[in-house]
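Scope of the values below: all heavy atoms of this structure, side chains included, with no hydrogens, waters or symmetry mates.
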Amino acid sequence: MHVKPLAPVFHRCVAAGRRLTGTWAGTPRAVDVLTALGCLGLMALDLPGLAAADNSLSGLAAAVVLALGCTTLLVRRRLPWISYLAALLFIGWLHELTLIQFALYSVGRFRGRRAGILATLGYIAFALVMFWVPGWPEPPGQTLSGFLSIVVPIGALASAVGIAAYRHDLVRELTARRAESAVLQAVQQERTSVARDVHDFVGRELTLLTVRSEVLSVRARESAHAKDFEELADTARRAHLVLNEIIVQRGERASTPGVDGLAALAEESGRAGSPVRLAMDEDVHGLSPLRQAAVYRVVQECLTNAAKHAHGETIEVSVAADGPWLRIAVSNALPARTPGRAPVSAGSGTASMSERVRSLGGTLTATRTDETYEVVATLPRG
């Protein structure tokens with residue numbers, strides 16, 4: 001009978017455990033569990049005092065009560081007021097101030113500034129009422145000023161930290177939404193730009209087709225194919241009208257330059273401090289205007305990114321026609337030192353550039369190493 005070695009099985013079990021732990025450790029539930037355990041650990045330090053002086057609970061009963069109180073922190077994201085009420089109960093019954101710190105933080109963290117301030121004021125008012133109850137707090141003879149010097153800072157600090165975390169989450173979410181909105185806007189603008197280019201270039205060809213069809217229909221008026229040429233001219237006119245209706249022109253704009261404008265781009269980049277070495281096949285000049293516009297936009301965006309993140313480095317630009325494909329490669333060395341101040345960038349230029357390339361059936365990849373950054377775009381020539 002063949003018995004599998006235990007070592008491989010053990011290693012697989014360990015690997016599975018690590019994957020499960022790694023997945024679970026990054027969840028909010030894991031943070032809540034660790035928070036509850038941390039609170040229980042702090043309160044456990046006072047178990048002997050709780051059992052001996054503060055109340056009639058035994059050591060085991062006190063541990064159970066504290067554990068039950070800490071379990072309320074497991075729902076602190078959805079129901080932070082449960083932990084808050086349990087913490088007030090602990091103050092009045094067990095004279096325990098540990099849970100209220102976690103509860104006030106949770107209220108401020110997940111309910112905001114107003115709820116955090118109200119919870120803090122309620123906690124301080126409740127503690128003051130309890131201070132005047134005979135026999136509370138321990139030890140006897142504690143002055144009101146000394147009591148407040150403990151109660152007020154605990155509540156104010158815990159609540160303030162929670163409110164600050166809440167505001168940080170709001171800012172982070174707002175920043176993420178703004179970045180997403182900027183990318184979506186850039187993609188939409190690029191789609192509009194591509195649509196306008198299609199209108200310009202395809203519309204011109206449809207106009208020529210219409211004119212040629214009308215000329216041929218006049219020449220073939222007495223032949224058997226006259227009706228066919230007239231139908232062809234009507235079809236071309238209708239196609240042009242449909243194109244105008246789908247792609248609405250809003251305002252005047254300058255047409256996108258083609259590959260002939262790359263030399264001017266390179267010269268402009270050199271004057272700005274980032275020299276460009278441009279290599280371009282002669283066959284590229286025979287591309288359609290739509291693809292030439294795409295080449296220009298890709299190179300333009302890459303030069304802009306290089307000027308932001310690697311100013312002063314030489315930029316290599318290559319536009320090559322390789323069989324049925326057109327390959328655009330732009331690379332530059334990265335500076336040895338990170339700039340002291342991050343360049344201003346919305347992060348949407350690459351998204352719009354990718355959108356234009358994809359709209360023409362191509363692909364775009366950006367590769368970053370420790371020393372270089374390279375963007376490669378591939379487009380079909382036809």
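- Remark: Leu37 engages Val33 in a side-chain contact (heavy atoms from CB on, under 4.5 Å) (not counting sequence neighbours).
- Arg277 meets the salt bridge (Lys or Arg N to Asp or Glu O under 4.0 Å) test with Glu316; sequence neighbours excluded.
- Side chain of Arg291 to main chain of Val284: no donor-acceptor pair is present (N/O by atom type, distance under 3.5 Å, no hydrogens or angles).
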Check against side-chain contact (heavy atoms from CB on, under 4.5 Å), Tyr373 and Asn305: CA-CA 10 Å; Tyr373 183 79; Asn305 289 338; 5.5 Å; no
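- Residue Leu73 is not grouped with residue Val161 when hydrophobic side chains (ILVMFWY) are merged at heavy-atom distances under 4.5 angstrom, including chains of intermediate members.
- Pairing each heavy atom of Gly362 with each of Leu379, the nearest pair is CA-CD2, 4.1 Å.
- No donor-acceptor distance shorter than 3.5 angstrom exists from the side chain of Thr314 to the backbone of Pro275, with no hydrogens or angles considered.
- In this structure Leu40 satisfies the side-chain contact (heavy atoms from CB on, under 4.5 Å) test together with Leu66, Ala67, Cys70, sequence neighbours excluded.
- A distance-only check finds no donor-acceptor pair linking the side chain of Asn332 to the backbone of Glu313 [under 3.5 Å].
- Residue Ser318 holds its OG atom at 7.0 Å from CG of Asp281, rounded to the nearest 0.5 Å.
- Tracing side-chain contacts under 4.5 Å through hydrophobic residues (I, L, V, M, F, W, Y), one never reaches Phe110 starting from Trp81; they form parts of separate clusters.
- Side-chain contacts under 4.5 Å among hydrophobic residues (ILVMFWY), followed directly or transitively, place Leu118 with no other residue at all.
- Think of Val129 as one node in a network of Ile, Leu, Val, Met, Phe, Trp and Tyr side chains linked at under 4.5 Å; it has no links at all.
- Residue pairs meeting the salt bridge (Lys or Arg N to Asp or Glu O under 4.0 Å) criterion with at least one partner in residues 102-130, sequence neighbours excluded, are Arg109-Asp169.
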Which pairs of donor and acceptor atoms, one on a side chain in residues 82-91, lie under 3.5 Å apart (sequence neighbours left out)?
{"unit_1": "Ser83", "atom_1": "OG", "unit_2": "Thr72", "atom_2": "O", "d": "2.8"}
{"unit_1": "Ser83", "atom_1": "OG", "unit_2": "Thr72", "atom_2": "OG1", "d": "3.3"}
{"unit_1": "Tyr84", "atom_1": "OH", "unit_2": "Ala119", "atom_2": "O", "d": "2.7"}
{"unit_1": "Tyr84", "atom_1": "OH", "unit_2": "Tyr123", "atom_2": "N", "d": "3.1"}

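- Ala377 pairs by the side-chain contact (heavy atoms from CB on, under 4.5 Å) definition with Val298, Ile328, Val357, Leu364, not counting sequence neighbours.
- In the hydrophobic clustering, Ile117 connects to Leu121, Ile163, either directly or through intervening members, whenever side-chain heavy atoms lie under 4.5 Å apart.
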Using residues 258-270 as the side-chain source, report each donor-acceptor pair under 3.5 Å to any protein atom, sequence neighbours left out, with the distance given to one decimal.
{"unit_1": "Asp260", "atom_1": "OD1", "unit_2": "His285", "atom_2": "ND1", "d": "3.1"}
{"unit_1": "Glu267", "atom_1": "OE2", "unit_2": "Arg271", "atom_2": "NH1", "d": "3.3"}
{"unit_1": "Ser269", "atom_1": "OG", "unit_2": "Ser274", "atom_2": "O", "d": "2.7"}

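- Applying the salt bridge (Lys or Arg N to Asp or Glu O under 4.0 Å) test to pairs two or more places apart or on separate chains, those with a residue in residues 74-91 are Asp32-Arg76, Asp32-Arg77.
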Trace of the side-chain contact (heavy atoms from CB on, under 4.5 Å) decision for Leu104 with Ile154: CA-CA 9 Å; Leu104 287 175; Ile154 286 177; 5.8 Å; no
Steps toward side-chain contact (heavy atoms from CB on, under 4.5 Å) verdict (Thr35, Tyr105): CA-CA 11 Å; Thr35 300; Tyr105 170 83; over 6 Å; no
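- Using modelled atom types and a 3.5 Å distance limit, the side chains of Thr372 and Glu374 yield no donor-acceptor pair.
- In terms of the side-chain contact (heavy atoms from CB on, under 4.5 Å) criterion, residue partners of Thr378 (sequence neighbours excluded) are, by chain and number, Trp325, Thr363, Val376.
- Counting heavy atoms from C-beta on, the side chains of Cys39 and Gln101 never come closer than 4.5 Å.
- No continuous path of hydrophobic side-chain contacts links Val151 to Leu157 [ILVMFWY only; heavy atoms under 4.5 Å].
- Closest heavy-atom contact between Ala306 and Ile315: CB-CD1, 3.5 Å.
- Clustering ILVMFWY residues whenever any of their side-chain heavy atoms sit less than 4.5 angstrom apart, transitively, puts Trp93 in the very cluster that holds Phe102.
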